[in-house]
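For clarity, every value in this text was computed on a predicted model and none was experimentally measured.
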Amino acid sequence: MKKRHQQKLVVLSIVLLVLFNLPIVLLFDISSGIAGIPIVYVYLFSVWLVSILLSFYIVKKYHE
C-alpha cells in the first residue's frame, strides 16, 4: 500500500476520533427515537458502519 493510501486511512481514523468524542456523541443523546431506537444508538452504529465501508473501500481499491 502506498503512503498516499495510508494517509487516507490516518485521516479517516482522526475523523472517527472526533466523531466518537463524547461531546459530539452527547449532541445526539435526546429523548426521541427512530422506530423506537434512541437517536444516540442510530448515530453510533451509522458512523461505525460508514467507517467500516470507507476503510474497506480504501483498502480494496488501493491494495497493491
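- Ile58 and His5 get closest at one heavy-atom pair: CG2-O, 4.1 Å.
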Donor-acceptor contacts, no H, no angles, side chain residues 48-55, under 3.5 Å, sequence neighbours left out:
residue, atom, partner, partner atom, Å
Ser51, OG, Val47, O, 3.3
Ser51, OG, Trp48, O, 2.6
Ser55, OG, Ser51, O, 3.0
Ser55, OG, Ile52, O, 3.0

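- Every residue two or more places apart in sequence or in another chain that forms a ring pair (Phe, Tyr, Trp, His ring centres under 6.0 Å) with Phe28 is listed here: Tyr43.
- Here Ser32 pairs with Ile30, Ile39 under the side-chain contact (heavy atoms from CB on, under 4.5 Å) rule; sequence neighbours left out.
- Atom OH of Tyr41 sits about 9.0 Å away from atom CG of Asp29, to the nearest 0.5 Å.
- Ile37 and Leu27 fall within a single hydrophobic cluster, where Ile, Leu, Val, Met, Phe, Trp and Tyr are joined by side-chain heavy atoms under 4.5 Å apart, directly or via other members.
- Side-chain heavy-atom separations under 4.5 angstrom define the hydrophobic clusters, and Phe56 shares its cluster with no other residue.
- The neighbour count for Phe20 CZ, taken as heavy atoms of other residues, nucleotides or ligands under 6.0 Å away, is above 12.
- If you chain together ILVMFWY residues whose side-chain heavy atoms come under 4.5 Å of each other, Leu22 ends up grouped with Leu26.
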Taking distance alone, no hydrogens or angles, what donor-acceptor pairs closer than 3.5 Å link side-chain atoms of residues 10-17 to residues at least two apart or in another chain?
residue, atom, partner, partner atom, Å
Ser13, OG, Leu9, O, 3.3
Ser13, OG, Val10, O, 2.7

